[in-house]
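Structure first, then comments.
Note on naming: letters A, B, ... go to the chains in the order of the sequence lines (proteins, then strands), and numbering restarts at 1 for each one.
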Amino acid sequence: MQRNSSTSLGMTEQMYRTHHCNELRKTDIGREVKLAGWVAVRRDHGGVIFIDLRDREGLTQVVFRPEENAEVAKQSHSLRTEDVIQVCGKVAPRLPGTENPKLATGDIEVLPQSLTILNRAENLPFQLDAELSNEDLELTYRYFDLRRPRLSRNLQTRHRVTQATRQFLDSQGFIEIETPILSKSTPEGARDFLVPSRLLPTKFYALPQAPQQYKQLLMVAGMEKYFQVAKAFRDEDMRADRQPEFTQIDIEASFVTPNDIYAVTEGMLAAIFKAARGIEIPTPFPQLTYREAIDTFGSDKPDRRFDMKLVDLEDVFRDSQFKVFQSALVEGGVVKAINAKNFAGITIGQVDELTAIAKTFGAKGLAFIKVENGEWKSPIVKFFSEAEKESLRTKLQIEEGDCIFFAAGKWEIACEVLGRIRLRIAEIQGLTSANRQSGSDSGSDLDFLWVTDFPLMQWSAEENKWNAVHHPFTRPKAEDLELLEQKKFGEMRADAYDVVLNGVEIGGGSMRIHEPDLQAKMFEALGVSAEDQQAKFGHLLRAFRLGAPPHGGIALGLDRLVMLICDEESIRDVMAFPKNNRGQELMTQSPAEVDPKQLRELGITLAKQKL
RNA sequence: GGAGCCUUAGCUCAAUUGGUUAGAGCGCUGCCCUGUCACGGCAGAGGUUGCGGGUUCGAGCCCCGUAGGCUCCGCCA
């Protein structure tokens with residue numbers, strides 16, 4: 001390393017820096033300081049040269065002037081973006097009129113007596129001061145991309161979130177316990193990542209989809225209150241908001257009811273938002289049942305930041321001449337509609353798009369009425385009687401400029417179709433984006449709620465069996481237990497709940513089954529044979545016979561939570577080293593082929609590659 | 001497993017109905033510039049338009065195939 005030429009800094013001489021780049025203020029004027037960091041921008045005027053020096057905390061302007069120090073100024077002309085440098089010099093006030101109010105350090109600048117180039121940067125793969133659309137390039141140079149202040153700040157926010165989580169849960173008596181990453185494959189749920197065992201050839205570990213069984217066994221162990229910032233792994237196809245490995249805040253407690261879990265979760269989220277955004281969020285959160293959520297918003301994770309609720313029109317069309325609606329009702333279905341305010345100006349392209357969405361989710365088409373110049377413009381309105389029209393006007397509060405969308409059919413499908421249409425219209429109209437004002441972060445853009453009473457099981461036509469909606473350890477609601485005996489599985493509700501923020505599911509959990517007999521009945525209902533129960537879940541059933549306490553818990557998706565806190569669109573922007581759409585980590589090029597010797601040791605032979 | 005969209009300079013993008021030598025900004029190289037903060041000015045380098053085939057007098061543009069990317073459906077207890 002090049003020796004520092006300055007000798008006048010006394011006790012600070014051996015340090016790389018005395019301050020970070022977002023620290024110096026007017027009150028520091030006259031101080032001798034050392035700063036180290038990256039050259040964010042250089043503005044070379046031929047004579048004077050300005051450098052914005054960046055570290056993870058912020059920017060400080062460094063000014064090289066020939067009349068101050070000709071040698072150092074000459075050296076400074078060689079600086080290029082992203083060189084790593086150290087400067088030693090004096091804090092000076094900026095010339096009157098040249099202060100920069102956009103920078104926290106904008107009142108001052110540093111006049112160096114020395115410049116040490118700690119490392120040069122070659123030509124950059126891309127520019128950090130411009131947005132990039134080529135995500136593969138960013139991920140390949142992730143260590144470089146992370147120098148962007150936005151991403152750096154996101155990772156710092158993530159740290160604050162996990163710290164607040166640990167501090168809060170510790171204060172509530174929860175104990176952080178690590179559970180194995182090398183664990184066992186389970187039949188239900190997502191596809192597992194497998195890890196071959198060398199010591200036990202032919203056998204495989206599975207990476208956990210969640211620490212679910214371990215945390216329940218910790219309750220049997222009498223730990224009473226457990227939590228973990230846990231990695232989880234699911235080998236499913238990717239989406240924009242999905243990663244094969246992700247992080248959960250995993251919580252489980254004994255002798256609790258759903259209300260206890262709600263209170264802990266609300267307290268924890270309050271602590272997190274206080275720590276990460278400095279705001280108080282109102283608790284307790286409102287609650288909706290699953291049935292109400294679907295009925296009113298067409299989603300089990302409703303975004304309530306805007307209205308446009310689903311309105312039931314059974315009363316209107318029960319005896320209608322319009323057969324499409326009338327027959328849907330006769331067949332036990334529903335007719336529902338939403339009123340999109342100020343959307344009568346919808347374009348043909350938008351109609352086509354919304355119709356395509358409706359068809360994707362099972363509708364045959366999408367009927368609508370535009371209200372323009374006092375006229376109802378619609379292909380279907382001619383089938384409506386005057387009484388029906390008047391009833392619609394009242395129920396949907398129809399006014400000039402509105403656009404009404406209808407769905408008819410089975411309850412789940414009609415609701416989901418309108419729910420999706422509702423979200424897309426809100427997106428088009430910008431109903432969800434405007435909110436966070438600069439400078440005044442009140443948290444008024446945040447809408448938390450609980451969705452409760454989820455169905456316990458769902459019929460899978462493809463597999464010809466019942467599947468657990470949450471997971472097979474979920475406790476049925478006590479009042480629905482007799483439905484289990486009657487095998488009315490579809491009508492059973494679970495003591496299960498999701499916590500939703502701004503239309504995003506950020507967590508979910510349930511009360512668990514702690515009785516071995518009930519658990520066996522559940523497995524039976526889910527089509528797990530007696531042999532499989534013993535082979536796959538014998539440990540759990542045995543554990544439940546040794547005094548298992550009533551227990552329940554919740555898991556929150558840390559990545560999504562931090563994404564929302566940071567106002568980001570993608571969880572990749574709050575992860576240090578995310579994987580791309582094909583599950584590749586492009587920086588290290590994983591996954592990769594392995595040495596044949598490693599395969600031999602594992603007793604693995606590769607099948608011929610598909611051509 | 002399925003559908004839609006995309007691929008032009010290092011990066012972000014443009015290129016009339018198919019028509020001469022494929023342009024711009026940023027970055028890069030060289031020169032100039034003493035108060036900028038996205039500094040400015042002058043000059044320059046940089047392209048097999050993802051790849052393969054077809055139609056045409058002529059293809060970045062049209063057609064077929066293929067690779068890669070993005071988004072969505074299925075899937076994600």
What salt bridge (Lys or Arg N to Asp or Glu O under 4.0 Å) pairs are there with at least one residue in residues 36-53 of chain A, not counting sequence neighbours?
A:R43-A:D52

By side-chain contact (heavy atoms from CB on, under 4.5 Å) - contacts of A:K74 (at least two apart)
none

Heavy atoms only, 4.0 Å cut-off, all strands: where does A:E109 land among base, sugar-phosphate and nothing?
base

Counting only heavy atoms and a strict 4.0 angstrom limit, can you tell me which residues of residues 205-220 of chain A come near RNA chain B?
A:A210, A:Q212

Enumerate all atom pairs, one protein N or O and one N or O from nucleotides 73-75 of chain B, separated by less than 3.5 Å.
residue, atom, partner, partner atom, Å
B:C73, OP2, A:R239, NE, 3.0
B:C73, OP2, A:R239, NH2, 3.4
B:G74, N7, A:R239, NH2, 2.9
B:G74, O6, A:R239, NH1, 2.9
B:G74, N1, A:D237, OD2, 2.7
B:G74, N2, A:D237, OD2, 3.3
B:C75, O2', A:E236, OE1, 2.7
B:C75, O2, A:R242, NH1, 3.4
B:C75, N3, A:R242, NH1, 3.2
B:C75, N3, A:R242, NH2, 2.9
B:C75, N4, A:R239, NH2, 3.2
B:C75, N4, A:R242, NH2, 2.9

Could you tell me the Watson-Crick or G-U partner of B:A15, where both distances fall under 3.5 Å? Say none if there is no partner.
none

Within residues 141-152 of chain A, those residues having any heavy atom closer than 4.0 Å to RNA chain B are none

With a cut-off of less than 4.0 Å, is there a side-chain N or O of A:R94 near OP1 or OP2 of B:C37?
no

Assess whether a salt bridge exists between A:D453 and A:R291, defined as any Lys/Arg side-chain N lying under 4.0 Å from an Asp/Glu carboxylate O.
no

Identify, with sequence neighbours excluded, every residue that meets side-chain contact (heavy atoms from CB on, under 4.5 Å) alongside A:D352.
A:I348

Within the sub-3.5 Å range, which N or O atoms of nucleotides 48-51 of chain B have a protein N or O partner, and how far apart are they?
none

Under the side chain to side chain donor-acceptor pair (under 3.5 Å) rule, what pairs show up with a residue in residues 92-109 of chain A, not counting sequence neighbours?
A:Q61-A:E109

Just N and O in the side chain of A:K359: are any of them under 4.0 Å from OP1 or OP2 of B:A3?
no

Nucleotides 39-44 of chain B: which of its N/O atoms have a protein N/O under 3.5 Å away?
residue, atom, partner, partner atom, Å
B:C39, OP2, A:R43, NH1, 3.2
B:C39, N4, A:D44, O, 2.4

Length of the CG-P vector between A:D129 and B:A38, whole Å:
10 Å

Identified side chain to side chain donor-acceptor pair (under 3.5 Å) counterpart of A:D250 within the set A:K215, A:Q212, A:Q228:
A:K215

So what does A:N100 touch, heavy atoms closer than 4.0 Å: a base, only the sugar-phosphate, or nothing?
base

Quick one: which protein N/O atoms are closer than 3.5 Å to N/O atoms of nucleotides 8-11 of chain B? Pair and distance per line, please.
residue, atom, partner, partner atom, Å
B:G10, O2', A:P125, O, 3.1
B:G10, N2, A:Q127, OE1, 3.3

Please work out if A:R424 contacts a base, only the sugar-phosphate, or nothing of the nucleic acid, heavy-atom cut-off 4.0 Å.
nothing

Which residues share a side-chain hydrogen bond (donor to acceptor under 3.5 Å, both in side chains) with A:D573, sequence neighbours left out:
A:R150

Show every side chain to side chain donor-acceptor pair (under 3.5 Å) that has at least one partner inside residues 125-142 of chain A, sequence neighbours left out.
A:E135-A:R572

